[in-house]
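Here's the structure, in structure tokens; my notes come after.
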Amino acid sequence: MAGRDDLLALLLRIGDDHLILGHRLSEWCGHAPMLEEDLALPNMALDLIGTARMCYGYAAEIEGDGRSEDDYAFLRDGTDFRHILMVERPNGDFAFTILRQFLFAAYMHPVWDGLTGSTDARLADHAGKAVKEMAYHVRHSGEWVIRLGDGTEESARRMMAALDELAPYIGEMFESDETAQRLVTAGLLADPDAVRATFDGTVSRTFAMAKLPSLDVTAGISGGRTGRHGEVLGHLLAEMQFMQRAYPGQTW
Amino acid sequence: MYSQGLIGADGRTVEDEEFLTRFQARIDDEQKIEPNDEMPEGYRRTLVRQIGQHAHSEIVGMLPEGNWVTRAPSLRRKASLLAKVQDEGGHGLYLYSAAETLGVSREQMTEELIDGTAKYSSIFNYPTLSWADIGTIGWLVDGAAIMNQIPLCRCSYGPYARAMIRICKEESFHQRQGYEIVMTLAQGSPAQKAMAQESLNRFWQPVLMMFGPPDGESRNTDQSVKWKIKRFTNDELRQKFVDATVPQAEYLGLTIPDPDLKWNEQRQGYDFGPIDWDEFWRVVKGNGPMNRERVAARRKAWDEGAWVREAALAHAAKRQAQAAE
């Protein structure tokens, strides 16, 4: 049976995935390749940060120890974060950022779709909103994957390079552990096989149109779900948490 | 996309006395001038310059605020700052579209921004050094922008006036948001209050400069007022701004850094001390603290994005060719 700790673990996994990816996207703010993307990237970042806030707020209520959503974001150290490694990778070029966004959204869309039927009412309620957001992220980033994959020689080369860079991080999205298994059994989390099947379908359709090779997901680099992150995370947190660390205990 | 047919259009007009009188009569009658209407070349050029500068200011203005998106002190602030900077990008987009109705393309205008020939508001050549600057920019910079922009909602050129209506609504939301950030700091710890005061000290003079040089030195004012592109002079707007802002600072318990600031009962307005116009011209001419970095950041985004834009065009061409088969 999944208990309180399992639900908390789930909220931190989802919350951290969304916060860290939202933070990375927000780094593009004002530096995108065209004005339309200066609007689209923050739009997606806002969706992701919104979901992180829901997760942390809900976690804080369950823990009931007076912590706030901000305590989860700004006062935990790297080893306490539970996101997958892909989301913390530095932005690279636009091909890398957009392919990472596509892969993440292609994975999260069926996860949220499954969560609309979660036995946890709060998660099910948020899933109704998040599933629409993820559908948009899949569409927007997917269109770019196609344009860049089947654009110029340079854009195709950059998409291939991005795929090479990201490939080792894809497997971690589908790893399971005892916590995840209990959550699935309790009806809190979607069936991982169904998520994987939907992900594979979305990716193969888009990659075919983008003239990218079919994706071969093998075991790669992982550890994020147990707090074993890359060196890059510490630097991300040093920046993101600066104000709360420099001026502890203030209201902003 | 109705503007596209106009890009590079031959806007030459025979500007005899009768034509100019007829045009001025339309302006005096408060009629809106629309893209396909005849207009004097000087009117068109003034608008292209002004709308272009305005659009560039929105785009360059994303940088000083974007500088704090990754360091915002709470998730709520992070989200609202991100949304605000996104709004500025949206304003840039409407304004470039409004300028395109006058026969210039966004690409042309962007090239002029990154090669340094086009100007943008000099305020964005100052750095954002603390979180309080994000509040100060919303409160004062957006506040000054609103003061400048509300009259533009009645500008004689239709597409610009209509773009400004929406922009002003969003700017006034930003201004309240900024004021709320400064209020939170002013009511916070001594360190937070000091942060707010230090930020006000740095921004006050540059914000007053946002209204442009004094009326006696402003080349463009007279004709622009006659054409109803501008409705108030620089000094009139600056005075309105000071009069509106002093009570707000008092409410916050912050001190405006001007020893000469005092209420003038006779004029029913505040007298204020001299503005350092040498600094203003230094910044306008390219030697403000951040000019080089701002333009370099825009150039970098444009240059590094070239392959993305090329790929999008190449892909669209392939699609079109496939559809034609």
Side-chain angles (χ1 to χ4, degrees), chain A residues 19 22-43 45-46 49-50 52-53 56-57 68-70 72-74 93-95 98 143-144 146-156 158-159 210 236 239-244 246-247 249-252, chain B residues 55 59-90 92-93 96 106 110 130-131 181 184-185 187-189 191-192 195 297-298 300-302 304-319:
Chain A
L19 176 66
H23 182 89
R24 282 295 188 214
L25 276 187
S26 79
E27 292 173 355
W28 275 97
C29 188
H31 305 280
M34 64 192 70
L35 196 43
E36 285 76 1
E37 285 308 300
D38 264 324
L39 305 185
L41 297 172
N43 217 39
L46 280 167
I49 291 167
R53 292 182 66 186
Y56 297 151
S68 71
E69 59 176 32
D70 288 332
Y72 290 92
F74 299 108
D93 63 4
F94 187 70
I98 218 71
E143 282 170 358
W144 270 115
I146 295 166
R147 272 184 215 116
L148 299 180
D150 185 24
T152 60
E153 258 178 54
E154 180 178 10
S155 69
R158 284 174 183 265
M159 276 312 285
L236 183 153
E239 185 171 347
M240 186 174 80
Q241 298 181 336
F242 161 69
M243 289 296 290
Q244 293 265 352
Y247 302 90
Q250 312 291 306
T251 300
W252 300 99
Chain B
I59 300 306
V60 176
M62 295 173 82
L63 299 170
E65 293 184 279
N67 181 40
W68 279 88
V69 163
T70 55
R71 288 176 294 169
S74 71
L75 292 175
R76 182 170 80 94
R77 294 295 186 200
K78 192 181 185 74
S80 59
L81 181 57
L82 201 47
K84 188 198 166 186
V85 180
Q86 187 192 28
D87 283 349
E88 311 292 0
L93 205 51
Y96 283 129
R106 202 206 305 179
T110 303
S130 74
W131 169 252
I181 291 175
T184 304
L185 298 175
Q187 293 171 351
S189 67
Q192 286 175 304
M195 193 188 284
R298 289 316 309 165
K300 184 167 184 280
W302 184 248
E304 289 182 359
W307 71 269
V308 178
R309 298 189 301 274
E310 282 159 17
L313 288 174
H315 181 76
K318 286 183 194 179
R319 279 278 175 92

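Keep in mind that the numbers below use all heavy atoms, side chains included, and drop hydrogens, waters and symmetry copies. Letters A, B, ... mirror the listed sequences (proteins, then strands); counts begin at 1.
Put simply, of A:Gln244, A:Glu239, A:Glu69, the one with the most heavy-atom pairs under 4.5 Å next to chain B is A:Glu239. Between chain A and the options B:Ala191, B:Gly61, B:Gly92, B:Ser189, the largest number of non-hydrogen pairs under 4.5 Å is found for B:Ser189. With chain A as the partner, the residue from B:Ala306, B:Ala79, B:Gly66 showing the most heavy-atom pairs under 4.5 Å is B:Ala79. Of the listed residues B:Gln192, B:Met62, B:Glu304, the one with more heavy-atom pairs under 4.5 angstrom with chain A than any other is B:Gln192. Most heavy-atom pairs under 4.5 Å with chain B, from the set A:Ala73, A:Ala45, A:Pro33, A:Ser155: that is A:Pro33. Note: B:Ala311 leads B:Gly188, B:Gly305, B:Ala311 in heavy-atom pairs under 4.5 Å with chain A. Of the listed residues (A:Pro42, A:Ala156, A:Ala95, A:Cys29), the one with the most heavy-atom contacts under 4.5 Å to chain B is A:Pro42. With chain B as partner, the option from A:Leu39, A:Thr152, A:Ile49, A:Leu19 having the largest number of non-hydrogen pairs under 4.5 angstrom is A:Leu39. Among A:Thr251, A:Leu41, A:Ile98, A:Asp70, the residue making the largest number of heavy-atom pairs under 4.5 Å with chain B is A:Asp70.
Residues B:Gln86 and A:Leu46 meet the side-chain proximity criterion, which asks for heavy atoms closer than 4.5 Å. Residues B:Leu185 and A:Gln250 fail the side-chain proximity criterion, which asks for heavy atoms closer than 4.5 Å. With a 4.5 Å cut-off on side-chain heavy atoms, B:Thr70 and A:Phe242 do not count as touching.
The shortest heavy-atom contact between A:Phe74 and B:Leu75 is CE1-N, 3.5 Å. The nearest pair of heavy atoms linking A:Leu35 to B:Gly89 is CD1-O, 3.8 Å. Among all heavy-atom pairs drawn from A:Gly151 and B:Lys318, the shortest one is O-NZ, 3.0 Å.
Residues satisfying the salt bridge (charged side-chain N to carboxylate O under 4.0 Å, His left out) criterion with A:Arg158, sequence neighbours excluded, are A:Asp93, A:Glu154. The side chain to side chain contact (heavy atoms under 4.5 Å, CB included) check on A:His31 picks up B:Leu63, B:Ala297, with sequence neighbours excluded.
Heavy atoms closer than 4.5 Å to chain B are found nowhere in A:Trp28, neither backbone nor side chain. Using a 4.5 Å cut-off between heavy atoms, B:Lys300 makes no contact with chain A at all.
For the atom pair CZ of B:Arg106 and CE of A:Met34, the computed distance is 8.5 Å after rounding to the nearest 0.5 Å. Atom CZ of B:Arg309 and atom CD of A:Glu36 lie 10.5 Å apart (nearest 0.5 Å).
A:Arg147 places no side-chain N or O within 3.5 Å of a backbone atom of B:Leu313 that could act as its donor or acceptor partner. Checked by atom type and distance alone, the side chain of B:Arg71 never pairs as donor or acceptor with a backbone atom of A:Met243 at under 3.5 Å.
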Exercise. Do B:Arg76 and A:Trp252 pass the side chain to side chain contact (heavy atoms under 4.5 Å, CB included) test, and can you show the C-alpha distance, the side-chain angles, and the key distance before you say yes or no?
Worked result: CA-CA 9 Å; B:Arg76 182 170 80 94; A:Trp252 300 99; over 6 Å; no
